[in-house]
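First the structure, in the form of structure tokens, and then the observations on it.
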Amino acid sequence: MRIAYFFLGAFLAIAQSAYAEVASPPVLAPLKRQAQAAELSAQFLSRYSYKPVPLDDALSVRIMDAFIKSLDPDRMLFLQADIDGFMSDRSEIDDAIEERDLKIPFAIFKAYQQRVVDRMNYARSLLKQGFDFSAQENYSVLRDKAPWPQSEAESNELWRKRVKSDWLRLKLGGKNDAAIRETLDKRYENTLERAYKFKSDDVFQSFMDAYSTSIDPHTDYFGAAASADFNVSMKLSLFGIGAVLQERDEYTTIRELVPGGPAQLSGKLAVGDRITGVGQGKDGAIKEVVGTRLDEVVQMIRGKKGSVVRLDILPADAGADGTHRVISLVRDKISLDKQAARKSVLSVKVGEATRKIGIITLPVFYEDFEAKGKGDQDYKSASRDVAKLLDELKQEKVDSVLIDLRNNGGGSLDEAIDLTGLFIGNGPVVQQRSSSGKIEVKSAELAAPVWTGPMGVLINRGSASASEIFAAAIQDYGRGVIVGEPSFGKGTVQTVVDLDRIVRNSKPEFGELKVTIAQFFRVNGGTTQLHGVTPDISLPGLSDPTSFGETSYDNALPWAEIKPANYTPADTITTLLPTLQSRHDARVESNPDFQRLLKDIADLKAQREKGIVSLNEAERRKEAAAREKRFKDRAEAGDGEDLGDDGLEAGERSLSADIAIENARKNAKDVLLDETVAILADEADLQEGVLRAATKESGNTNGK
């Protein structure tokens, strides 16, 4: 997991902007510990990575290119002259790291901040005038490979079209000119204000992201904040008050209350309440946090279990000058259940029979390493939670089990192995090859599987790493049917290295590295690297494989193959696949929901390939009318409502409107899940038929 900061772009402040209306952002300078951390990381990465990459001029060039891309991914703001200026230092990054000198990236970032100020002021100045929406012109939405503007005039033209596009979206969404001006002015002002809130650690994190991913796509550097978030994502727990927070108009706002958490149990907080101050302990001074970065407020609210935090609250229904109240909460352990395994049951008619399919959704392969290491018998674990859910599904007498791994980006390797064991018992699950070439076979060690009935796995392009290990093993053993899109294609193993521990530093200063140490291989000898897991039955997907997945990285490891492990596959699924495929084909051919999804995907692909949007109002209204008709037809067919495009971004609607849209999306018909459940119902039906035939044959034989 990488912490991503919102960067609009960056370029050198060659001359004072004609549009600057505010003071320059604060100058950020590298800290001594950051330079030490960079040099220490370089020592480790150049020696101990799976494919060590020396820190030399060639890598320096890659780092510079990656850093520039992270700041200006759409090439909207750099001028070509700025790029030319950066290039003079392009091969100096390696020397700078070794000499513990980070002036180059910080100088680039300083220029970035100033140019954000420049461009946002220019964008706001455009709002004072109107736009001619009868003109025939287009705005390019795919600029990642476009040339940078050659002049400020060319940059101004790009931004004129950008602002015009933003304006037109809001106009098509039903807003009048006054409301559009107000919305866009606030949007650009918020972006402007972010340029003043960056800290030295943000610059360093961005630079180290560029360095680490230049080694390989899955090597990461974690500063203190990123490391804490990574640990929370694996533990699925933290100590705090149990509230999901969001930044809205400079206020830290309650977005959601976690059931059973201190905030919800207190009855003192409600969704929409704004936190204006935070104090530590029963008597600690309350520090005002209006305008403070959200991540900083979160860190102030988190703390040790049993400790007290005091919050100054401006109620949701109060105006800016409303009456505040101060509340005290005792921090407690909060379980992040949204990321935990969960189950549901769907019933499907197959012929005259009704099949019950148990669905287990697993968003991540989590494991509380710390609690496990301390011998906690009740530590949080994906495989342990799934085992409990399987026992519950047995009690509900389901006919088949589906493991939904869509958008599960991985997690603990051990959990992937243990999860496989729930379905195969014991046996090899994955082979791991170290940088030395040594191959280790990792096996599940359950005495017997927890679930022996029909099963399947649903994957998509977002299913990666541990998800691919599990799906590949299930496929290689012939244990279940794999349904969905080809997966991500990440076939490498990472470990987290504490840099402070390496140098025996007594306090946390240098951060952590997530380093690629091995490549994993399927038990059949192949690897999921690049190719991913190919489903037995394919379903359509919305993702673009050219920009998402292992094949989108230019420094990804190649596909490889080793000897198969010693395992015994079953041929049950292989035998059933032709019938499963033909039933699936016939079903989706006559399924209007599925056919509409195919049309949506085709439209999205066409728009993606087009890469431009029209800025002509009449053309856009014609497109919108066609879209509205399509959604109206769906609504009449009972397939959800049209959420439309109101042109607003996250946080620009009312909180209740944002939550309503989020809930509508959650409750929308999941066409791919429904079809996968039907496939598993067919699988259960066919396997039962095979079992009946075998039993009958056995009876005839015994009777002879």
Side-chain angles (χ1 to χ4, degrees), residues 1-7 10 12-13 23-46 55 59-60 63-64 66-68 70-71 86 89 92-114 116-117 193-215 219-231 287 289 291-300 302 496-515:
M1 182 191 73
R2 179 174 294 106
I3 301 301
Y5 296 96
F6 179 72
F7 297 128
L12 286 172
S24 297
V27 176
L28 302 175
L31 305 176
K32 181 179 178 181
R33 61 173 169 80
Q34 294 167 346
Q36 290 175 295
E39 195 261 342
L40 186 58
S41 297
Q43 289 185 31
F44 196 91
L45 292 173
S46 61
L55 182 59
L59 183 58
S60 180
I63 296 170
M64 175 68 87
F67 187 54
I68 291 172
S70 74
L71 299 176
F86 293 151
D89 290 324
E92 302 300 319
I93 297 289
D94 54 331
D95 299 323
I97 290 175
E98 289 173 350
E99 295 168 6
R100 298 186 178 183
D101 182 353
L102 299 180
K103 291 189 184 73
I104 294 172
F106 274 78
I108 294 172
F109 198 87
K110 177 185 176 183
Y112 153 73
Q113 288 177 289
Q114 186 58 52
V116 169
V117 172
E193 289 174 350
R194 277 193 286 267
Y196 291 82
K197 293 181 180 179
F198 287 122
K199 296 187 178 297
S200 177
D201 281 339
D202 299 326
V203 185
F204 183 63
Q205 180 69 56
S206 182
F207 172 68
M208 289 302 291
D209 283 346
Y211 178 16
S212 60
T213 55
S214 295
I215 301 296
T219 291
D220 287 299
Y221 172 80
F222 297 146
S227 176
D229 286 338
F230 176 76
N231 290 332
K287 179 180 179 181
V289 295
T292 302
R293 286 174 26 155
L294 180 62
D295 61 334
E296 294 181 19
V297 180
V298 168
Q299 289 303 317
M300 294 169 69
R302 289 179 185 174
V496 177
V497 177
D498 187 331
L499 295 176
D500 290 295
R501 185 171 296 178
I502 286 178
V503 295
R504 299 180 181 178
N505 195 26
S506 59
K507 59 180 181 179
E509 287 186 305
F510 301 142
E512 298 176 329
L513 283 174
K514 181 158 71 74
V515 186

So, Ser206 side chain and Asp202 main chain: donor-acceptor pair closer than 3.5 Å or not?
-> no
State, yes or no, whether a side-chain contact exists between Ile93 and Ile104 at a heavy-atom distance under 4.5 Å.
-> yes
Would you say the side chain of Leu499 lies within less than 4.5 Å of the side chain of Tyr221, judging by non-hydrogen atoms?
-> yes
Separation of Asp500 CG from Ser506 OG (nearest 0.5 Å) | 8.5 Å
Check the pair Lys110, Val203 against side-chain contact (heavy atoms from CB on, under 4.5 Å), reporting the backbone distance first and the verdict last.
-> CA-CA 9 Å; Lys110 177 185 176 183; Val203 185; over 6 Å; no
Gap between atom CD1 of Ile502 and atom CZ of Phe44 - 0.5 Å precision | 4.5 Å
Taking ring-ring contact (aromatic ring centres under 6.0 Å, His included) as the test, write out the residues that go with Phe510, two or more places apart.
-> none
Quick one: are Glu296 and Lys197 in side-chain contact, heavy atoms under 4.5 Å?
-> no
Can you check whether Phe86's main-chain N or O pairs, donor with acceptor, with Asp89's side chain at less than 3.5 Å?
-> no
Would you mind checking if Lys103 and Asp101 are paired as a salt bridge, meaning a charged N to carboxylate O distance below 4.0 Å?
-> yes
Provide the closest heavy-atom pair for Ala29 versus Ser200 in the form atom of the first, atom of the second, distance.
-> O-OG, 3.0 Å
Compare all side-chain heavy atoms of Leu28 with those of Gln113 and state whether any distance is below 4.5 angstrom.
-> yes
Check whether any side-chain heavy atom of Phe198 lies under 4.5 Å from a side-chain heavy atom of Pro25, and answer yes or no.
-> no
Nearest 0.5 Å, what's the CG-OG1 distance between Asp209 and Thr219?
-> 11.5 Å
Audit row: Ile97, Gln43, side-chain contact (heavy atoms from CB on, under 4.5 Å) steps and yes/no | CA-CA 10 Å; Ile97 290 175; Gln43 289 185 31; over 6 Å; no
Minimal non-hydrogen separation, Ile63 against Ala210, with atom names | O-CB, 3.8 Å
Please report the C-alpha distance between Asp295 and Gln299 in whole Å, then the side-chain angles of each, then the deciding distance to 0.1 Å, and finally whether the side chain to side chain donor-acceptor pair (under 3.5 Å) criterion is met.
-> CA-CA 6 Å; Asp295 61 334; Gln299 289 303 317; over 6 Å; no
Is Gln36 close to Leu40 at the side-chain level, that is, under 4.5 Å between some pair of heavy atoms?
-> no
Can you find a pair of side-chain heavy atoms, one from Asp220 and one from Val496, that are under 4.5 Å apart?
-> no
Flag the pair Phe207 / Phe109 as yes when their ring centroid distance falls below 6.0 Å, and as no otherwise.
-> no
Can you tell me how far CG of Leu102 sits from CE of Met208, rounded to the nearest 0.5 angstrom?
-> 9.0 Å
Going from CG on Leu59 to CE on Met64, what distance comes out if it is rounded to the nearest 0.5 angstrom?
-> 12.5 Å
To the nearest 0.5 Å, how far apart are CZ in Arg100 and NZ in Lys32?
-> 8.0 Å
Atom of Gly223, atom of Gln205 and distance for their closest heavy-atom approach | N-OE1, 3.0 Å
Side chains of Phe106 and Val27 in contact at under 4.5 Å (non-hydrogen atoms) = no
